[in-house]
There are 2 protein chains.
Amino acid sequence: MLTKKKQLLFEKQAEIAKAIAHPLRIAIVDFLKDGEQCVCDIARYVGSERSNVSRHLSVMVNASILEYRKQGLKVIYRLRTPCILDFFACVTGVLKQQAKDNQKLLAAL
Amino acid sequence: MLTKKKQLLFEKQAEIAKAIAHPLRIAIVDFLKDGEQCVCDIARYVGSERSNVSRHLSVMVNASILEYRKQGLKVIYRLRTPCILDFFACVTGVLKQQAKDNQKLLAAL
DNA sequence: TTATTATGTGAGTATATAATCATATAGTCA
DNA sequence: TGACTATATGATTATATACTCACATAATAA
């Protein structure tokens, strides 16, 4: 049976995973892997409204995935947890597996 | 600007991340890291209804995180993508960072 | 055959999340 | 000061997700 301690840990881990689990947020993380960027440039890159991007950024700041600094009018965000990028390496592996499976299926038809 | 190709990749990655981003599903992954288990034992371990656990399991199978085999009446699930476990190492790092920040904040009050 | 057990799924409800629009805040510059 | 720009946030609506209950399926054993 699951201990209360583990349950709490899994809840926290799920919060962080949720904070990554959105295409737009993944695009932001990908954009930031080469260096910090302001909200305006992030919004331009991902092609979404600033207000929406701002919300997604705050989700990731709350989850400690990003951090920011203010510079004049601009707010500049950067990655705080580079190991997040390793996660995408794993996920890409899963996707390759999926693609292989689809090929097999296709070949079997 | 984001290419269509990248956008598609990020959508796929988000789907997989979503399939992990739930406390109960993380508990299941943790339970399975030491070996395959039937739905009945998984449900007992996580302390939730079988119908609910069954749904969570199918979410992870669809995302290629788990696979299963049938043995008589039982359906036995196992991890398919061990690198998923590395992800939790990263996430645990994030949580430690959060805890440190909270300590700093507390010390500053 | 019937009964039993393990699992999966449809339907309904409750809750969480995302996107948009309008507005607020706050820094900059003339 | 007022105009402009960047960012954040409240309110609303649309959509997605999770959980529960009832029922369906399917393997097994008596």
Side-chain angles (χ1 to χ4, degrees), chain A residues 2 7-8 10-29 31-32 35-78 80, chain B residues 2 7-8 10-29 31-32 35-78 80:
Chain A
L2 207 50
Q7 214 162 344
L8 183 67
F10 295 151
E11 275 167 25
K12 291 285 179 190
Q13 289 181 331
E15 272 175 39
I16 293 168
K18 260 193 231 172
I20 310 169
H22 190 284
L24 208 134
R25 294 200 283 267
I26 293 177
I28 292 171
V29 168
F31 188 47
L32 294 179
E36 58 181 16
Q37 299 282 352
C38 66
V39 180
C40 50
D41 288 340
I42 295 171
R44 196 173 307 122
Y45 175 70
V46 301
S48 181
E49 292 221 2
R50 287 180 190 190
S51 61
N52 192 29
V53 170
S54 184
R55 278 213 167 75
H56 284 295
L57 288 167
S58 78
V59 167
M60 291 192 282
V61 168
N62 286 334
S64 302
I65 294 167
L66 304 183
E67 55 191 347
Y68 63 88
R69 65 186 180 87
K70 297 190 177 184
Q71 187 180 55
L73 266 179
K74 297 188 175 179
V75 180
I76 298 172
Y77 286 83
R78 62 175 171 274
R80 181 177 186 174
Chain B
L2 207 51
Q7 213 161 345
L8 184 66
F10 295 151
E11 274 166 27
K12 291 284 178 189
Q13 288 181 330
E15 273 175 38
I16 294 168
K18 260 192 231 172
I20 310 169
H22 190 285
L24 209 134
R25 294 200 284 266
I26 293 177
I28 292 172
V29 168
F31 188 47
L32 293 180
E36 58 181 17
Q37 298 283 353
C38 67
V39 179
C40 50
D41 288 341
I42 295 170
R44 196 173 307 121
Y45 175 71
V46 302
S48 181
E49 293 221 1
R50 287 181 191 191
S51 62
N52 193 28
V53 169
S54 183
R55 277 212 168 76
H56 283 295
L57 287 167
S58 78
V59 167
M60 290 193 283
V61 168
N62 285 334
S64 303
I65 294 166
L66 303 184
E67 56 191 347
Y68 64 88
R69 64 186 180 87
K70 297 192 176 183
Q71 187 179 56
L73 265 178
K74 298 187 175 178
V75 180
I76 297 171
Y77 286 81
R78 62 175 172 273
R80 181 176 184 175

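Computed from heavy atoms alone, side chains included, the values below leave out hydrogens, waters and symmetry copies. Note that the coordinates shown come from a computational prediction; the quantities given were computed from them, not determined experimentally. Naming convention: chains lettered A, B, ... in sequence-line order (proteins, then strands); numbering from 1 in each chain.
Residue A/H56 places at least one side-chain N or O closer than 4.0 Å to OP1 or OP2 of C/dA19. For the OP1/OP2 pair of C/dA16 and a distance below 4.0 Å, the side-chain nitrogens and oxygens of B/H22 include no atom meeting the criterion.
More than 12 heavy atoms of other shown residues, nucleotides or ligands fall within 6.0 angstrom of atom CZ in A/F31.
Separating the CD atom of A/Q71 from the P atom of C/dG27 is a distance of 14 Å, rounded to the nearest angstrom. Put simply, CG on A/N62 is 12 Å from P on C/dT17, counting in whole angstrom units. Computed from coordinates, the A/R44 CZ to D/dT5 C1' distance equals 12 Å when rounded to whole Å. Between the NZ atom of A/K18 and the C1' atom of D/dA16 there is a distance of 12 Å, rounded to whole Å. The distance from atom CG of A/L24 to atom P of D/dT15 is 18 Å, rounded to the nearest whole Å.
Between the side chain of A/R25 and the backbone N or O of A/K18 there is at least one donor-acceptor pair closer than 3.5 Å.
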Check against side chain to side chain contact (heavy atoms under 4.5 Å, CB included), B/F10 and B/L2: CA-CA 10 Å; B/F10 295 151; B/L2 207 51; 3.7 Å; yes
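The minimum heavy-atom distance linking B/A27 with B/V46 is given by the pair CB-CG1, 3.9 Å. The two residues A/D41 and A/R44 have their closest heavy-atom pair at OD1-NH1, 2.7 Å.
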Nucleotide-resolved protein contact map, nucleotides 7-13 of chain D, B/S/- at heavy-atom distance under 4.0 Å: BBBBB--
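A/I20 has its side chain out of reach of A/V29: every pair of non-hydrogen atoms, C-beta onward, lies at least 4.5 Å apart.
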